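Everything below concerns the one structure shown next.
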Amino acid sequence: MHGTRSLALQTKQGSLAKVITTAPILTVPTTPFTDQKPGTSGLRKKVRVFQQAGYAESFIQSVFDAVPGHEGATLVIGGDGRYLNREVIQVAIRMAAANGFAKVLVGQGGILSTPAASHAIRKYGAIGGLVLSASHNPGGPNEDFGIKYNVSNGGPAPEPVTEAIHARTLEIAQYRTIDAPDIDLDRLGSTQVGAMAVEVIDPVADYAELMESLFDFPAIRALLASGFTLSFDAMSAVTGPYAHEIFETRLGAPVGTVVNGTPLPDFGHHHPDPNLVHARDLYERMMGPGAPDFGAASDGDGDRNLIIGRGQYVTPSDSLAVLAANAHLAPAYAGGLKGIARSMPTSGAADRVAAALGIPLYETPTGWKFFGNLLDAGMATICGEESAGTGSDHVREKDGIWAVLLWLNVLAARRLSVAAVMADHWAQYGRNYYARHDYEGIATPAGDALMAHLRESLSALPGTQTAAGTVEAADDFAYTDPTDGSVSARQGIRVLFAGGSRVVFRLSGTGTEGATLRVYIEACEPAGGNLTQPAAEALAPLVAAAEQLARIAHFTGMDAPTVIT
Ligand code: VG1
Ligand code: CO
């Protein structure tokens with residue numbers, strides 16, 4: 001590549017009248033890659049796949065081609081800091097300039113958490129954004145990278161858009177870029193790339209301001225000043241700078257509250273997945289002697305949250321229910337909620353809260369892209385997924401730090417321990433015992449065969465006797481979006497038992513190697529029932545039923561899950 005060419009035009013007098021910066025637009029031939037279908041959350045592949053010549057470029061050009069009206073528009077770009085983040089950002093900036101965008105906003109150092117990117121798109125009226133992340137997947141030269149496109153409401157591209165992008169990847173013949181050098185991603189301020197302005201923005205400031213507008217910061221500050229202790233594990237991923245600023249600087253928690261607070265390209269060789277396996281250190285600290293009052297963690301791109309009180313793990317499904325039931329204690333939600341939305345595999349705990357509040361409950365397929373329309377239409381205020389994602393209509397993504405702040409706001413108002421809040425919640429609404437069993441790294445044909453077997457046996461399942469009782473109903477979940485009527489079919493097999501207990505089976509859509517089977521297990525215990533059993537005990541009959549119905553060991557060759565969360 002050559003440098004940018006500056007053309008100095010001389011007037012008759014010989015003085016410098018005008019400097020026009022030009023950079024030639026290059027049209028580079030490419031052939032379609034056949035593996036660029038976005039999954040649950042964007043395109044995720046091994047780094048070495050993204051390093052193939054033209055691979056990232058072809059996908060980014062397909063995104064631009066599928067977004068009408070991008071000429072003259074603003075684009076937000078940022079990522080979770082993982083390996084390849086900076087390189088792909090420079091590629092995307094040059095391509096945006098060649099494709100006629102007027103402006104790119106990019107987070108300093110290439111950093112923007114997923115919720116902060118969503119907020120930036122909304123705040124600055126951008127047409128959309130490229131979020132470079134593979135979220136909870138590990139990072140590094142031999143690990144994962146990803147590109148997600150978010151639309152103008154700040155949310156993940158909905159299915160019609162991801163389908164248009166995918167269709168374009170299969171026919172693309174060329175991409176556009178310009179001959180321009182890399183920009184300095186570390187220096188705040190504006191630069192010109194060809195005819196396009198690039199502004200490097202503070203990744204934290206706007207987001208922190210938004211959080212301060214939603215929650216009672218003085219009350220949380222008072223809680224923290226009263227001796228209440230907090231530990232936040234940023235897992236060497238993107239939330240570090242956000243957490244330092246919000247918890248330590250703005251809310252006055254002592255330095256050291258945030259651990260693993262520096263984003264690293266390989267997340268310190270860990271999976272930045274805030275679950276009971278990968279956030280084991282935090283779990284053990286919270287269950288051990290001298291535990292802080294409240295522990296939390298977030299994932300690679302900052303949209304997930306793990307909540308653990310002293311001696312009290314909170315399942316993400318329960319967290320959604322508790323937050324919905326108590327949201328009115330935070331200023332932003334004092335007027336009440338319009339509705340609650342949860343993904344299908346998420347437990348029904350939130351359904352009971354919605355019923356008690358007299359508001360609608362929406363059940364969507366897995367993935368945040370299905371919540372956007374409900375939030376835009378004002379039908380739902382709070383959304384959540386069993387995979388540790390919770391969020392609201394403040395942005396169009398799930399938001400890990402938001403969830404922690406809402407919990408802190410609730411605790412500041414109620415002055416109860418997390419364990420007491422949970423006991424009180426279950427006493428009022430009953431308890432949905434819950435676990436997810438993941439079988440990772442199985443061969444794709446084996447995963448497909450297991451699902452095919454379940455689909456074939458669907459009609460015969462009702463009436464089947466199992467250790468968990470008789471199967472009442474079974475189906476393959478399909479969703480019709482109530483705002484635009486679009487249908488998403490084959491979203492997971494549901495096996496339902498009396499009283500709302502159930503087992504759900506689906507294959508992951510975020511992995512980059514082989515297949516991952518997810519088995520979601522939920523046992524409903526009504527208020528007044530046995531609310532204090534160990535979860536594994538309450539779920540054991542359903543686990544046996546899952547094995548009986550899906551023949552997991554037979555198809556996967558594994559007799560135990562790799563992750564239980
Ligand atoms: C997983 C979770 C899903 C979540 C998705 C993206 O998808 O189950 O609830 O929305 O990851 O989250 P799958 O298809 O692997 O089950 V993130 O934080 O990775 O953007
Ligand atoms: Co994530």
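Whatever order the structure lists them in is the order used to number ligands and atoms, beginning at 1. Numbering of residues begins at 1 and proceeds along the displayed sequence. In this text the structure is predicted, and so the values were computed from the model without any measurement.
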Worksheet item: Hey, do the aromatic rings of His425 and Tyr429 have their centres closer than 6.0 Å?
Response: yes
Worksheet item: Which of the atoms in ligand 1, numbered in the order shown and given with their element, are less than 4.0 Å from a heavy-atom of Asp299?
Response: 18 (O)
Under 3.5 Å, side-chain donor or acceptor atoms of residues 553-562 against the rest of the protein: list the pairs with distances, not counting sequence neighbours.
unit_1	atom_1	unit_2	atom_2	d
Thr556	OG1	Ile552	O	2.7
Thr556	OG1	Met558	N	3.0
Thr562	OG1	Asp438	O	3.0
Thr562	OG1	Glu440	N	3.0
Thr562	OG1	Glu440	OE1	3.0

Worksheet item: How close does the nearest protein non-hydrogen atom get to atom 17 (V) of ligand 1, and which residue and atom is it?
Response: Ser135 OG, 2.7 Å
Worksheet item: Phe370 vs Tyr479 aromatic rings, parallel, tilted or perpendicular, using cut-offs 30° and 60°?
Response: perpendicular
Discussion item. Distance under 4.0 Å to a non-hydrogen atom of Gly509: what atoms of ligand 1 satisfy this?
Written reply: 13 (P), 14 (O), 15 (O)
Would you be so kind as to tabulate the donor-acceptor pairs closer than 3.5 Å made by side chains of residues 441-454, with sequence neighbours excluded?
none

Worksheet, complete the sentence: Looking only at heavy atoms, the pair that brings Ala66 and Ile165 closest together is CB-CG1, 3.8 Å
Worksheet entry | Sub-6.0 Å ring centroid separation between Tyr55 and Phe33 | yes
Fill in: Arg506: numbered ligand 1 atoms lying under 4.0 Å from its heavy atoms
13 (P), 14 (O), 16 (O)
Discussion item. Between the side chains of Asp144 and Lys45, is the shortest nitrogen-to-carboxylate-oxygen separation below 4.0 Å, so that they form an ion pair?
Written reply: no
Worksheet item: With a 4.0 Å heavy-atom cut-off (strictly under), which part of Asn137 contacts ligand 1: side chain, backbone, both or neither?
Response: neither
Worksheet item: Can a salt bridge be assigned to the pair Arg342 and Asp351 using a cut-off of 4.0 Å between side-chain N and carboxylate O?
Response: yes
Worksheet item: Going by the atom numbers of ligand 1, which of them fall below 4.0 Å from some non-hydrogen atom of Asp303?
Response: 18 (O), 20 (O)
Response to the item:
Here the salt bridge (charged side-chain N to carboxylate O under 4.0 Å, His left out) pairs for residues 481-492, sequence neighbours left out, are none
Worksheet item: What are the atoms of ligand 1, with element, lying closer than 4.0 Å to any heavy atom of Thr366?
Response: 3 (C), 8 (O), 9 (O)
Item to complete: Number the atoms of ligand 1 from 1 as they appear, then name those within less than 4.0 Å of a heavy atom of Gly367, with their elements.
Response: 10 (O)
Practice prompt. Show which atoms of ligand 1 fall inside a sub-4.0 Å distance from at least one heavy-atom site of Ser41.
Written response: 6 (C), 20 (O)
Worksheet item: What protein N/O/S atoms are found closer than 2.8 Å to the Co ion (ligand 2)?
Response: Ser135 OG, Asp299 OD2, Asp301 OD1, Asp303 OD1
Worksheet entry | Candidate pair Phe477 and Glu363, rule side chain to side chain contact (heavy atoms under 4.5 Å, CB included), full reasoning | CA-CA 10 Å; Phe477 181 65; Glu363 186 176 30; 4.2 Å; yes
Worksheet item: What's the shortest heavy-atom distance between Pro272 and His136, and which atoms?
Response: CD-O, 3.4 Å
Practice prompt. With heavy atoms only and a cut-off of under 4.0 Å, state how Arg44 meets ligand 1: side chain, backbone, both or neither.
Written response: side chain
Worksheet item: Checking ring-ring contact (aromatic ring centres under 6.0 Å, His included) for the pair Tyr83/Phe145: CA distance, chi angles, key distance, verdict?
Response: CA-CA 7 Å; Tyr83 187 86; Phe145 189 74; 8.8 Å; no
Discussion item. Tell me whether ligand 1 is touched by Ser343 - counting only heavy atoms on the residue side and a distance under 4.0 Å.
Written reply: no
Worksheet entry | Under-4.0 Å heavy-atom contact with ligand 1, by part of Lys148 that carries it | neither
Response to the item:
Any heavy atom of Thr40 under 4.0 Å from ligand 1? The part involved is side chain
Item to complete: Check each of Glu386, Glu385, Arg304, Arg518 against atom 11 (O) of ligand 1 and report the one with the nearest heavy atom.
Response: Arg304
Practice prompt. State plainly whether the residues Arg551 and Glu547 are in salt-bridge range, i.e. N to O under 4.0 Å.
Written response: no
Practice prompt. May I ask you to decide whether Arg494 forms a salt bridge with Asp476, counting only side-chain N to carboxylate O separations under 4.0 Å?
Written response: no
Item to complete: Could you find the nearest protein heavy atom to atom 7 (O) of ligand 1 and give me its residue, atom name and distance?
Response: Thr510 CG2, 3.5 Å
Worksheet entry | Residue, atom name and distance, where the atom is the protein heavy atom closest to atom 12 (O) of ligand 1 | Lys398 NZ, 2.9 Å
Item to complete: Looking only at distances, please establish whether an N/O atom of ligand 1 is found under 3.5 Å from an N/O atom of Leu507.
Response: no
Discussion item. Check Arg396 with Asp376, please: is the shortest side-chain N to carboxylate O separation under 4.0 Å?
Written reply: yes
Discussion item. Taking 4.0 Å as the limit for heavy-atom contacts, which would you say applies to Ser387 with ligand 1: side chain only, backbone only, both, or neither?
Written reply: side chain
